[in-house]
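Accompanying notes for the structure given below.
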Amino acid sequence: MIRLQNIHKSYITGTNKLHVLKGIDLHIKEGELLSIMGSSGSGKSTLLNILGLLDNHDDGVYVLNNEEIKSMSETKAAKLRNNLLGFVFQSFNLISFKNAMENVALPLYYQKVSRKKRNKLALEYLDKMGLKEWAHHMPNELSGGQKQRVAIARAMITQPKIILADEPTGALDSTTSIEVMDLLKEINQSGITVIIVTHENDIAHMTDRIINLKDGIIESIIDNNQINNTESVKIPIQE
Amino acid sequence: MFDLDKWHEITAALKKNKLRTILTGLGVMFGILILVTLLGIGRGFQNNIESSLGNFATNSTVFWVERTTKAYKGLPRNRQIRFTNDDLIALKQNIPELEHIAPDINGWSGNATHNTFRKEKKGNFRIKGTSPEMNMVNPVEVVKGRFINENDLKEFRKVITIGPRVKELMFEKDEDPIGQYLKVNGIFFKIIGEIKPLSNNMGNRDDIIQLPYTTLQQLYNYGDKFYVFLATAKVGESVAELEDKIFEILARRHSIHPEDKQAIGNFNIAKLFNKIFGLFNSIGFLFWVIGFGVLITGVIGVSNIMHVVVKERTKELGIKRAIGAKPALVVGQIINESVFLTTFAGFWGLVLGVVIVEAIGKATEGSPNPQILNPYVDINVAFIALGVLVFFGVLAGLLPAQRAIRIKPVDALRYE
């Protein structure tokens with residue numbers, strides 16, 4: 001599903017050049033539940049942004065769904081994000097002047113789905129999240145957990161192949177965090193690849209595989225299912 | 001096609017900060033309001049001046065007699081010049097560019113307080129000698145009967161036309177003056193026509209009694225002399241050149257030194273008209289400039305606000321782009337908002353402007369000496385103004401929109 005080879009990324013701030021990613025090699029298979037861990041400044045968010053086509057890499061090869069991503073137009077990137085990817089953010093990133101249903105339905109607007117159809121679908125997804133009766137509430141009337149579930153519904157509505165979650169539980173208490181993680185696990189079980197960026201150990205341990213990032217390189221990979229730290233970085237590419 | 005979703009996006013964004021939207025809209029509204037009102041008033045001014053000029057031949061010139069200032073051909077200086085009827089014939093025969101020539105002779109009004117009598121009615125009116133050609137230069141409308149004709153001139157007929165004021169004072173309301181007689185300075189004249197002046201040029205002519213100038217010359221013992229005449233050039237001919245030719249012939253006929261321009265007075269009415277028209281054209285132009293300037297200020301206001309709005313919404317636009325909004329859609333949405341705001345505000349400015357111009361028209365309608373006559377807003381001007389607004393609306397949105405998509409989605413998402 002995702003194949004990274006020697007990905008480099010640096011930011012130029014004034015006269016300083018900040019080398020954030022120093023050669024990432026990674027292969028993520030379809031249907032994986034994966035977490036990227038690291039302290040702040042390790043480059044985990046940058047990696048997620050590159051995976052999510054929100055940012056571009058400087059060097060290396062990124063193959064997403066059998067397509068090499070290389071300096072593509074914003075229009076093409078927007079289309080790929082819309083069709084292939086779903087985003088869940090730490091700060092939820094709901095549109096404040098749209099109600100829950102409209103927020104969930106928004107990605108379908110960009111696919112030119114009719115208003116009636118997409119609102120109906122949005123209600124279905126909200127129902128799955130147990131938020132049907134909150135459909136017409138504005139984001140500021142919802143609790144953090146509810147907001148994140150709306151955001152997950154919005155990410156799911158286009159039936160993406162990959163869900164990218166950037167600290168999805170960062171702004172939530174532990175009980176709600178577990179609920180959200182259960183939701184993401186459930187999504188994963190339906191066959192969708194889920195990639196979670198986190199700095200919390202217990203969240204990371206709920207995933208199948210943990211990528212530990214440190215100073216822009218992969219320090220170790222922990223396979224929770226088989227409990228081994230073999231060099232899965234070098235596993236031959238097979239798709 | 002009307003897109004409800006697009007509409008929702010526009011109104012949602014504009015409603016977010018109502019006060020700011022309203023204030024920005026007011027800027028545009030006042031811009032177009034002022035433009036439209038100024039243009040309407042400018043049109044009213046022009047109508048007024050055009051109507052007071054009436055059908056007066058604008059390519060005309062006036063000549064009058066003076067005294068010579070140079071001795072010539074044995075004749076002394078300070079000699080009074082008088083035009084003669086033969087001058088008219090000579091000028092007509094020798095100047096092909098000359099279209100009409102008409103002597104303007106004032107009759108003697110008498111020393112008494114009243115110079116005109118009929119039964120027990122009396123009045124004091126101005127008396128003027130005229131000719132059919134005068135009616136070509138400074139036309140009047142014949143309300144009833146006819147104007148003075150060539151036969152009246154040839155036969156020295158004692159016939160007159162009367163202005164509205166004369167009719168009002170000398171006749172009952174329902175009386176027909178045609179065929180009736182008026183005693184003017186002791187002589188009875190038959191009324192052949194009732195006229196209405198078409199312009200106020202050369203003085204108000206409401207209280208005028210006009211008779212054939214030949215009759216006037218005879219009755220007042222002027223002989224074949226007169227002091228003033230008007231002449232018009234044929235279409236396309238220069239009035240200045242005509243004046244030179246007239247002076248040359250008159251100088252020869254009256255033994256005036258060719259350099260002695262002061263011997264004959266001359267005033268180029270065409271020049272005056274051109275000045276007036278020029279003045280009004282510049283006023284009209286000035287109105288355009290001012291109105292347009294105000295309009296541009298309003299549009300700049302919109303652009304400014306769109307800039308702020310886009311900046312404030314950087315994050316929102318980032319979210320939308322993350323979940324699949326294409327750049328073209330984002331740009332389109334911002335431009336839609338801007339165009340909607342300018343057009344909506346501009347439309348109401350236009351409507352209000354038309355209402356104000358109409359109100360000015362109504363207010364000045366009854367006044368006897370209006371400065372503004374029938375002001376109106378040209379429908380073409382209105383459409384042009386709206387077109388300009390839409391164009392500038394697009395422009396006002398385009399720059400901020402471009403800025404919005406230049407930012408990478410990841411940076412837009414981080415924007416607080």
Side-chain angles (χ1 to χ4, degrees), chain A residues 9 11 45-56 73-99 102-116 118-119 138-139 151 153-158 160 164 166, chain B residues 1-21 308-337 340 398 400-416:
Chain A
K9 175 74 185 173
Y11 291 110
S45 285
T46 304
L47 182 58
L48 191 82
N49 288 331
I50 289 171
L51 290 176
L53 306 174
L54 296 172
D55 207 346
N56 46 345
S73 73
E74 240 304 292
T75 307
K76 178 107 189 285
K79 196 165 186 251
L80 277 180
R81 284 198 293 265
N82 190 256
N83 292 332
L84 215 56
L85 308 173
F87 289 92
V88 178
F89 301 95
Q90 177 176 4
S91 53
F92 322 121
N93 282 348
L94 299 176
I95 309 271
S96 60
F97 56 89
K98 289 179 184 295
N99 66 30
E102 287 167 333
N103 262 292
V104 174
L106 196 57
L108 292 181
Y109 171 52
Y110 302 126
Q111 291 183 359
K112 306 216 183 321
V113 175
S114 81
R115 188 180 180 78
K116 219 172 152 183
R118 64 170 195 260
N119 281 346
M138 302 308 267
R154 181 178 67 183
M156 291 296 297
I157 198 164
T158 53
L164 297 166
D166 189 0
Chain B
M1 201 194 81
F2 183 77
D3 187 344
L4 194 69
D5 295 312
K6 210 182 261 175
W7 186 254
H8 272 277
E9 291 284 314
I10 291 171
T11 49
L14 292 176
K15 265 191 219 151
K16 243 171 111 182
N17 196 331
K18 274 185 196 141
L19 183 67
R20 189 170 61 199
T21 303
V308 174
V309 165
V310 167
K311 206 163 180 178
E312 272 181 5
R313 288 167 57 197
T314 302
K315 183 158 187 172
E316 176 207 321
L317 295 174
I319 298 169
K320 286 182 175 172
R321 286 166 70 190
I323 60 174
K326 287 172 189 157
L329 195 117
V330 174
V331 170
Q333 194 194 323
I334 293 164
I335 288 174
N336 271 337
E337 280 171 35
F340 171 74
L398 199 59
Q402 225 116 46
R403 185 191 163 275
I405 55 157
R406 249 204 319 272
I407 305 174
K408 275 191 290 184
V410 59
D411 295 328
L413 276 170
R414 273 199 213 114
Y415 193 93
E416 287 304 329

Below 4.5 Å from any heavy atom of chain B, which atoms of [X] appear? Answer side chain, backbone, both or neither.
{"X": "Asn93(A)", "result": "both"}
{"X": "Leu85(A)", "result": "neither"}
{"X": "Lys76(A)", "result": "neither"}
{"X": "Ser91(A)", "result": "side chain"}

Side-chain heavy-atom pair [X], [Y] within 4.5 angstrom cut-off:
{"X": "Glu74(A)", "Y": "Ile405(B)", "result": "no"}
{"X": "Arg118(A)", "Y": "Ile157(A)", "result": "no"}
{"X": "Leu413(B)", "Y": "Phe87(A)", "result": "no"}
{"X": "Ile95(A)", "Y": "Glu102(A)", "result": "no"}

Worksheet item: Hey, what do you get for CG (Leu164(A)) to CZ (Arg81(A)), rounding to the nearest 0.5 Å?
Response: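 So the CG of Leu164(A) and the CZ of Arg81(A) are separated by 11.0 Å.
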Fill in: Arg313(B), part contacting chain A, at a heavy-atom distance under 4.5 Å
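The answer is neither part of Arg313(B).
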Worksheet item: Using non-hydrogen atoms only, which part of Ala325(B) is less than 4.5 Å away from chain A: side chain, backbone, both, or neither?
Response: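 Looking at Ala325(B), backbone and side chain both touch chain A.
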Discussion item. So for atom NZ, which belongs to Lys315(B), do other residues, nucleotides or ligands contribute more than 12 heavy atoms lying within a distance under 6.0 Å?
Written reply: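 More than 12 heavy atoms, drawn from other residues, nucleotides or ligands, come within 6.0 Å of this atom.
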Fill in: Max heavy-atom pair count under 4.5 Å with chain A, selected residue of Pro409(B), Ala328(B), Ala412(B)
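When all of Pro409(B), Ala328(B), Ala412(B) are compared, Pro409(B) has the most.
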